[in-house]
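So the structure is just underneath, and the comments pick up after that.
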Amino acid sequence: MKRRDFLETSTKLFCACAAGASLSLIQSCTNNVATSPSVEQDSEELIIDLSSEGFTTLLNEGGSITTDGNVIDSQGLLLLRQGDFIKAFRNNCTHSGYDLRPFSNGVSVCTSGHGGRFNTNGTAIASPASGTLKEYITELEENILTIYS
């Protein structure tokens, strides 16, 4: 195979692979991001029906999602179901301020790609992230989750 033919073929293959990987990355960033319910701006609690669209993942053990900004935290929340309890953390990496991905296999990873990772207690387990995520008090009654500021 001539060099020119090799470069042309390999460039097309590389572009196709890069496009597929980019689309996959973009889609993974949008998965499990729920829109928070509307509440009065001066409210000190957020009430979520877990059977509503975007939150049903939290009906299952180990389910995790992130939310957009809301009355509890303008950065959004990182939520995790553990038994009859749901943990709520600020969705904000302690190192870079980027959003976090929902928990998978007990780990939440920063979306920036710099390597920051957090365990299910909100503690940084991989640098450059450090410290602990801000955690909010929650109450779960059947399918109704209340998060307090």
Side-chain angles (χ1 to χ4, degrees), residues 10-149:
S10 61
T11 302
K12 288 178 183 176
L13 181 60
F14 174 77
C15 289
C17 290
S22 297
L23 179 59
S24 175
L25 181 60
I26 289 168
Q27 288 174 334
S28 71
C29 291
T30 60
N31 288 343
N32 294 329
V33 179
T35 301
S36 299
S38 297
V39 295
E40 295 179 26
Q41 289 296 355
D42 60 349
S43 178
E44 295 181 5
E45 63 185 37
L46 179 64
I47 299 172
I48 300 170
D49 182 347
L50 300 184
S51 61
S52 62
E53 184 179 344
F55 293 92
T56 56
T57 300
L58 296 172
L59 293 171
N60 303 313
E61 173 65 27
S64 182
I65 63 167
T66 57
T67 72
D68 56 1
N70 53 62
V71 69
I72 300 299
D73 196 309
S74 63
Q75 296 296 314
L77 299 168
L78 169 62
L79 304 173
L80 172 66
R81 176 77 179 243
Q82 291 185 317
D84 292 331
F85 187 74
I86 294 183
K87 291 186 171 188
F89 299 102
R90 184 171 206 218
N91 184 15
N92 195 264
C93 180
T94 59
H95 165 253
S96 63
Y98 283 90
D99 289 341
L100 299 168
R101 287 195 170 82
F103 285 96
S104 177
N105 297 319
V107 176
S108 176
V109 178
C110 181
T111 60
S112 73
H114 66 64
R117 298 164 28 119
F118 297 86
N119 67 19
T120 59
N121 292 322
T123 304
I125 57 172
S127 60
S130 62
T132 304
L133 299 171
K134 180 175 181 168
E135 186 170 4
Y136 294 96
I137 297 169
T138 64
E139 183 179 319
L140 183 61
E141 283 189 41
E142 296 187 21
N143 289 344
I144 304 300
L145 172 65
T146 306
I147 304 168
Y148 300 94
S149 59

I'd like to check [X] versus [Y] (side-chain heavy atoms, cut-off strictly below 4.5 Å). Are they in contact?
X    : Y    : result
L140 : R81  : yes
C93  : S112 : no
T66  : D99  : no
T67  : L46  : no

- Could you give me the CA-CA distance, side-chain angles and deciding distance for L79 and I147, then say whether side-chain contact (heavy atoms from CB on, under 4.5 Å) is met? CA-CA 10 Å; L79 304 173; I147 304 168; 3.9 Å; yes
- Item | T138 to A88 - nearest heavy-atom pair and separation |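 Closest heavy-atom pair between T138 and A88: CG2-CB, 3.6 Å.
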- Listed once per pair and sorted, the ring-ring contact (aromatic ring centres under 6.0 Å, His included) pairs that draw on residues 126-149, sequence neighbours left out: none
- Item | Pair listing, ring-ring contact (aromatic ring centres under 6.0 Å, His included) test, anchored in residues 76-112, at least two apart | H95-H114
Enumerate donor-acceptor pairs with a distance under 3.5 Å from any side-chain N or O in residues 116-125 to protein atoms, sequence neighbours excluded.
from, atom 1, to, atom 2, distance (Å)
N119, OD1, N121, N, 2.9
N119, OD1, G122, N, 3.3
N119, OD1, T123, N, 3.1
N121, OD1, K87, NZ, 2.9

Check: [X] side chain, [Y] main-chain N or O, donor-acceptor pair, under 3.5 Å:
X    : Y    : answer
N91  : L100 : yes
T94  : A129 : no
T56  : S51  : no
S108 : R101 : yes

About how many Å separate [atom2] of [Y] and [atom1] of [X], when rounded to the nearest 0.5 Å?
X    : Y    : atom1 : atom2 : answer
S149 : I137 : OG    : CD1   : 9.5 Å
L58  : L145 : CG    : CG    : 7.5 Å
I72  : I48  : CD1   : CD1   : 8.5 Å
S64  : N105 : OG    : CG    : 11.5 Å

- Item | Pairs flagged by salt bridge (charged side-chain N to carboxylate O under 4.0 Å, His left out) wherever residues 55-74 is involved - sequence neighbours left out | D73-R90
- Query: Tell me the salt bridge (charged side-chain N to carboxylate O under 4.0 Å, His left out) pairs involving residues 138-149, sequence neighbours left out?
  - Reply: none
- Listed by chain and number, what are the side chain to side chain contact (heavy atoms under 4.5 Å, CB included) partners of S127, not counting sequence neighbours?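 For S127, no residue satisfies side chain to side chain contact (heavy atoms under 4.5 Å, CB included) once neighbours in sequence are set aside.
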- Item | With sequence neighbours excluded, residues passing side chain to side chain contact (heavy atoms under 4.5 Å, CB included) with S52 |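 Per chain and number, S52 pairs via side chain to side chain contact (heavy atoms under 4.5 Å, CB included) with D49, F55.
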